[in-house]
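Letters go in sequence order (proteins before strands), and every chain restarts at 1.
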Protein chains: 2
Amino acid sequence: MSQESAAEFPETSFEKAEIGSARPDMEPASGMPGLGPARQVNLRELVYDQLKDAFMVGYFAPGDYLNLRELADRFETSITPVREAVRRLVAEGALIDAPGRALRVPPLRRAHLIDLRQARIGIESMITEMAVARATPHDLDALGSILDGAVSKNPKTPIDELTSNRKFHFSLYGIGGSPTLFRFVESLWLQYGPFLNLIHYTIDPDIRGSHKDHRRIIAAARDGDALAAKQALVADISRSFDILDAYTQDSAD
Amino acid sequence: MSQESAAEFPETSFEKAEIGSARPDMEPASGMPGLGPARQVNLRELVYDQLKDAFMVGYFAPGDYLNLRELADRFETSITPVREAVRRLVAEGALIDAPGRALRVPPLRRAHLIDLRQARIGIESMITEMAVARATPHDLDALGSILDGAVSKNPKTPIDELTSNRKFHFSLYGIGGSPTLFRFVESLWLQYGPFLNLIHYTIDPDIRGSHKDHRRIIAAARDGDALAAKQALVADISRSFDILDAYTQDSAD
DNA sequence: TTCGTGTAAGATATCACAAATAACATATCA
DNA sequence: TGATATGTTATTTGTGATATCTTACACGAA
């Protein structure tokens, strides 16, 4: 963690849990069908979830180094759960094994950005098409109310924006009904997260356009127009990456 | 490991290493250009690679339970590296956390099969299209020689077939040049592997058709005909899954 | 049936080790 | 004499092994 932007981890755990529940479960709930999942939380998952949130809101910057003992101190656990959480992040591409056994957030590279963008467009288009095909009117109402809630919320911090943006997208993707693709999208967002750090929470100007795209997606879904929905989605994703264009002159590691 | 099909792990490590090297690296080689990367191999990766191979050739069956201590004994390590390797497999969807802290190969479910199939078709089509756009004549010659080598090899065990099939596909996908999508495909194949166990290495009759599809992909790539390449690919993937149709009456867990 | 108890297995903490890096000191050359 | 190179030591940090803890499940007695 060479260049952290904040002294503390963002406190988005509760939001995250809510988003996580949108994940389409392939397996039936392990507990009683009606009751909540009541999943037993172990330290490993606790640490992972917090790190995941940290990544998604751009807490870490590309190129940052992570330190197991430091993280363990921060989470007040031993390094064992941290190690396992970190290993999972490596598997998901959010971290890489750097030379010298070091753990590093992948540094900014133009090729990486291009790769991520095309993967996001391809996979999220697929899942959006599936969502349009499967969405019930009730689903779309729920999606709309996420947007409504986002605009009504008054103290709109940039993290609030990020969170509600994430909530919209993942709710949409949950409707798609593909746990496999859903997982891949999570991995993509995890990899994209650190780039948010570069723009230091100064994305407000573009949020409006994002909201418009989201509305267009819902409207297209109501018409069953998958193509229009995908076009709006691609516009939304492209905007996210275009903001980064100014930073894309491959910074020296 | 409730119902294992063999007493020992398949010895495909060397094949695997070769395939693994096809992964398109985003980072430049860390060492001297001419010299080998000399990457230090740790136990965690050793165990992971072997487990990965075991999954890919159908050593484990859907629904099997894994046991950390048993695996540690088998690999002659402590449970720590095994644990980390297993955790990675969980992250990749090859294993799931089952009730009671158990580790389980996902049981066969029709919905899962359908999901995997559409994800494979979608993502591998994308990457194939990219490969067709980027492939050099030399690349295509190399691909062709993989097929030639596969047919010439005389003692053709089913595992040989699987290995060369895998080699062809991943070489093709490596040409695509997308590390992100490449990783997703690996995850998909990892999830598909256990289904191979169900058909107990009796896939010979269909291998011929597979070879024909592979030839068609190469030919289409030579013509720059991405659509034709994708059609052949989809036919190939569909065949893989069609073989499983007979087993798809959702076995009781 | 119900409650308790034993056992098995994963989860966590801790210890020991090795590799890598940095800091410092010493040597060599211009 | 000053600057660069090289060797040595100390510290950091990930890795692997082991001990301990907790939980889930099975079995048996009341």
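Looking at heavy-atom distances under 4.0 Å, A:R44 makes contact with sugar-phosphate atoms alone, never a base.
Only one option out of A:E92, A:H169, A:E124 pairs with A:W189 in a side-chain hydrogen bond (donor to acceptor under 3.5 Å, both in side chains); it is A:E124.
Ring pair B:F241/B:Y192 is tilted by interplanar angle, where 30° to 60° counts as tilted.
In this model, a side-chain donor or acceptor of A:R83 finds a partner on the base of D:dG16 within 3.5 Å.
Salt bridge status for B:R117 with B:D242: present, with a side-chain N to carboxylate O gap under 4.0 Å.
Between the CG atom of B:L46 and the C1' atom of D:dT15 there is a distance of 14 Å, given to the nearest Å. Spacing between atom CG of A:L71 and atom P of D:dT13 amounts to 11 Å, rounded to whole angstrom units. Going from atom CG of B:L103 over to atom C1' of C:dA11 covers 11 Å, rounded to whole Å. Rounded to whole Å, atom P of C:dC15 lies 17 Å from atom CG of A:L68. A straight line from CZ of A:R104 to P of C:dA20 spans 17 Å, rounded to a whole angstrom. With rounding to whole Å, A:L66 atom CG is found 13 Å from D:dT15 atom P. Between B:D73 atom CG and D:dA17 atom C1' the separation is 14 Å, expressed in whole Å. One atom, CG of A:N42, and another, C1' of C:dG10, lie 10 Å apart when rounded to the nearest Å.
If you check C:dA11, C:dT12, D:dA17 against the side chain of B:T77, the one that comes closest is D:dA17. For A:R101, counting side-chain heavy atoms from C-beta on, the closest listed nucleotide (C:dA13, D:dG14, D:dT22) is D:dG14. Each of D:dT18, D:dG14, C:dG10 was ranked by its minimum atom distance to the side chain of B:I79; first place goes to D:dT18. Here the side chain of A:N67 is nearest to one of C:dA11, D:dA17, D:dT13, namely D:dT13.
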Task: Pair B:F182-B:Y173, ring pair (Phe, Tyr, Trp, His ring centres under 6.0 Å): steps then yes or no - done: CA-CA 7 Å; B:F182 193 94; B:Y173 301 149; 7.4 Å; no
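Closest-nucleotide positions on DNA chain D for B:R69 and B:E76 were compared, and the one nearer the 5' end corresponds to B:E76. With the nearest nucleotide of DNA chain C identified for both A:G100 and A:S78, A:S78 has the one nearer the 5' end. Toward the 5′ end of DNA chain D lies the nearest nucleotide of A:A102, the other residue of the pair B:T80 and A:A102 mapping further downstream.
Defined by atom type and a distance below 3.5 Å, a donor-acceptor pair is present between the side-chain atoms of A:T136 and A:D139.
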